[in-house]
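Working notes, beginning with the structure itself.
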Amino acid sequence: MDTFLQQLINGIVLGSIYSLVALGYTLVYGIMGLINFAHGDIVMVGAMVTLTVTRLLANSGLPGPLILGIGVLTAIPACMAVGYLVERIAYRPLRNAPRLAPLITAIGVSILLQNLAMMLWGREYLSFPQILPAQTMAVGGASISTIQLVIVASSCIMMAGLSWLIRKTRLGNAMRATAQNPEVATLMGVNVNTIISITFVLGSALAATAGMMVSAYYGIAHYDMGFILGLKAFTAAVLGGIGNIEGAMLGGLLLGVIESMGAGYLGTLTGGIMGSNYQDVFAFFVLILVLVFRPSGLLGERVGERP
Amino acid sequence: MKKALKRGLYAVLLALLPFATGMAFGKTWVRILDFALLYVMLALGLNIVVGFAGLLDLGYVAFFAVGAYCYALLASPHFGLHLPFWLILPIGAFAAGIFGMLLGAPTLRLRGDYLAIVTLGFGEIIRIFLNNLDTPYNITGGPQGIDMIDPIRLGSFSLNQPTSHTVYSYYFLFLFFALATAFVSMRLQHSRIGRAWAAIREDEIAAEAMGINTRNVKLLAFAMGASFGGLSGGLFAGFEGFVSPESFTLMESIMILSMVVLGGMGHIRGVIFGAVLLSILPEALRYVGPIEQSLFGKIVVDPSSLRMLLFGLALILVMLLRPAGLWPSPARKRELLAHGETAKHENTNIYDAGR
């Protein structure tokens with residue numbers, strides 16, 4: 001029972017990070033139909049910037065949460081700028097190009113960002129300063145640390161905010177219109193280029209927050225951390241139904257829980273043949289299984305064969 | 001007559017290329033040429049799936065891995081088996097083809113990017129299994145991989161002897177297989193199956209209405225593409241003498257896909273060009289270190305990251321300047337032009353509500 005609860009908690013924490021990153025994929029995909037392969041690397045930039053700022057302020061005597069706050073508030077604009085530039089330079093000129101062309105530029109941007117980061121921050125694993133109190137709470141035989149609570153709470157707030165933005169505001173309305181049909185949206189007075197830029201910037205802000213969470217949670221940051229994380233988050237977005245906001249949230253949480261359950265139980269289930277090193281196999285296997293029965297993800301709409 | 005002369009000229013050029021390269025730049029570059037030929041085979045195989053049939057595959061390297069591990073298991077001291085290569089290569093290609101069908105079968109209903117993520121997951125699954133199948137029974141050798149793989153032998157002649165000529169003899173072997181895959185691809189493209197692939201790529205419903213069995217045709221595309229990958233995997237294992245999961249990462253799949261798209265999807269010459277270019281470019285960029293040294297007198301930025309940075313930049317620039325690839329097929333070029341014009345036309349006609 002303890003293992004179960006503990007793995008559930010770990011899974012939810014991991015899942016809420018995945019959700020935040022998956023939202024970035026799904027926002028961009030919903031509006032442009034593009035897999036933004038560089039999104040994971042924007043998370044990395046967020047993690048790196050937060051880490052740098054935190055390191056600078058670690059001995060300043062300010063309280064830990066405040067330092068982390070300053071760190072993430074620096075990372076958000078930095079990532080927004082990167083996201084804006086990436087869209088402007090690598091994707092906008094290819095708006096009407098064959099579908100796979102922007103995929104290749106996205107890969108190029110990903111390689112570019114990783115190597116720029118390697119130049120700036122070096123190729124070593126950087127450790128995150130211990131600024132938050134390392135206390136844990138016991139909940140029914142399992143323990144929750146402060147940082148875990150912070151992660152879950154702040155990602156809930158961000159997701160609620162995003163939902164509100166998309167559903168209730170004028171901007172959200174314009175975004176949904178652009179997603180449905182960019183040409184008609186233009187006719188209705190929506191500036192599609194601005195909306196796409198805003199979408200990228202929003203996704204990047206979420207990515208920056210996720211970057212802060214990952215590096216603070218695991219205590220390290222590395223120039224190629226974004227790749228695997230991006231991959232997982234993309235999987236989560238597809239699992240929930242790509243292009244669907246609630247789907248990304250659900251998919252992220254589900255993937256996180258599946259992964260940590262896999263890590264916790266795979267060994268016992270298979271009699272020790274498959275250990276926790278198979279947790280990724282387990283995650284992808286669940287994804288394939290879900291897609292076999294629901295080809296457009298859990299919450300994805302069953303779109304007709306033709307767009 | 002003129003055509004025969006041209007072909008003869010190409011043959012002489014291709015035959016002399018490794019020796020000229022070897023003399024001008026040294027053996028390392030002949031080795032790079034060998035790898036370029038392997039990539040040509042891989043890119044042509046992926047081109048069948050992505051370029052001909054229009055199915056986005058992000059886990060292609062898995063089939064390369066299947067072929068390579070087939071060779072490694074059947075011709076190394078690992079299990080004490082030493083089968084000849086002409087027997088293993090077909091086995092590897094066949095096994096990869098089976099894996100292609102395995103991947104294809106559950107994903108037939110998926111479209112576009114959903115297919116991409118499943119193929120990606122499939123590639124990762126294969127790699128993780130290769131990485132971990134050393135316990136409880138040692139099958140794949142785990143992260144250490146399998147070494148001391150037999151070199152490829154033609155009869156009693158080993159391609160590894162004398163050692164100093166290895167890269168040259170493999171060049172000709174790989175050239176033979178690369179030309180063979182190019183030939184097969186070309187014949188496939190204009191065959192009944194090739195046209196069926198083009199039809200489902202352009203419009204699956206219309207293709208089905210025309211009486212094409214989309215399920216079988218798609219499965220065939222996966223299997224054919226995969227068996228090309230398996231074949232080059234076997235050659236790779238024999239050439240390297242060593243396989244490990246590290247050679248079969250997602251990045252490798254992405255590289256092969258970049259070769260196909262950057263060269264010109266669906267156009268065989270373009271794909272070959274893309275494969276050669278992208279396998280040589282990262283190696284050529286290794287010279288940025290020495291250049292930096294001579295320009296500034298010291299190393300200013302880490303040459304290896306500068307090298308990959310320039311590579312990423314090159315990918316972006318090429319796609320921005322030539323969205324259809326460096327060398328697209330004439331038909332596709334026409335289509336793109338026509339599409340651009342109709343799109344412009346449609347934009348001006350705002351009263352056309354029927355669209």
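So you know, we letter chains A, B, ... as the sequences are listed, proteins then strands, and number each from 1.
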Looking at [X], I'd like to know if its [atom1] atom is crowded, meaning that more than 12 non-hydrogen atoms belonging to other residues, nucleotides or ligands lie closer than 6.0 Å.
{"X": "B:Q293", "atom1": "CD", "answer": "yes"}
{"X": "A:F284", "atom1": "CZ", "answer": "yes"}
{"X": "B:E246", "atom1": "CD", "answer": "no"}

Is [X] in contact with chain B via its backbone, its side chain, both, or neither, using a 4.5 Å heavy-atom distance?
{"X": "A:F37", "result": "side chain"}
{"X": "A:L103", "result": "side chain"}
{"X": "A:Y223", "result": "neither"}
{"X": "A:L291", "result": "both"}

- Taking every heavy-atom pair that is under 4.5 Å apart, which of A:I89, A:L113, A:L289, A:T105 has the most such pairs with chain B?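 Heavy-atom pairs under 4.5 Å are most numerous for A:T105.
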- Message: Between A:M118, A:Q114, A:R123, A:M119, who has the most heavy-atom pairs with chain B when the cutoff is under 4.5 Å?
- Response: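 Counting heavy-atom pairs under 4.5 Å, the top option is A:M119.
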- Message: For the CD1 atom of A:I107 and the CE atom of B:M251, what is their distance to the nearest 0.5 Å?
- Response: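 So the CD1 of A:I107 and the CE of B:M251 are separated by 7.0 Å.
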- Task: Rounded to the nearest 0.5 Å, what's the gap from CG on A:L100 to OG on B:S258? Could you check?
- Result: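 Taking CG in A:L100 and OG in B:S258, the distance rounds to 10.5 Å.
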- Message: Assess the residue pair B:E124 and A:D280 against the criterion (side chain to side chain contact (heavy atoms under 4.5 Å, CB included)); give the C-alpha distance rounded to whole Å, side-chain angles, the decisive distance to 0.1 Å, and a yes or no.
- Response: CA-CA 8 Å; B:E124 285 296 287; A:D280 288 356; 5.8 Å; no
- Could you tell me which non-hydrogen atom of A:A97 sits nearest to which non-hydrogen atom of B:P323, and how far apart they are?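 Taking every non-hydrogen atom into account, CB-CB, 3.6 Å.
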- Based on non-hydrogen pairs under 4.5 Å, which of B:N131, B:N132, B:V118 is most in contact with chain A?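 Max contact count across the listed options: B:N132.
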- Item | When B:I126, B:L115, B:I254 are compared by non-hydrogen pairs under 4.5 Å with chain A, the top option |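 Among the listed options, the one with the most contacts to chain A is B:I254.
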- Message: Treating B:Y114 as the side-chain partner and A:I242 as the backbone partner, does any N or O pair qualify as donor plus acceptor under 3.5 Å?
- Response: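 Present.
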Tell me, side chain or backbone of [X] under 4.5 Å from chain A's heavy atoms, or both, or neither?
{"X": "B:L250", "value": "side chain"}
{"X": "B:L120", "value": "side chain"}
{"X": "B:L133", "value": "both"}
{"X": "B:V50", "value": "side chain"}

- Message: Quick check: under 4.5 Å, non-hydrogen atoms only, which of residues 306-318 of chain B neighbour chain A?
- Response: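 Against chain A, the residues of residues 306-318 of chain B that fall inside the cut-off (heavy atoms, under 4.5 Å) are B:L306, B:M308, B:L309, B:F311, B:G312, B:L313, B:L315, B:I316.
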- Item | Partner residues of B:L277 under the side-chain contact (heavy atoms from CB on, under 4.5 Å) criterion, sequence neighbours left out |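 Listed in chain order: B:L262, B:L326.
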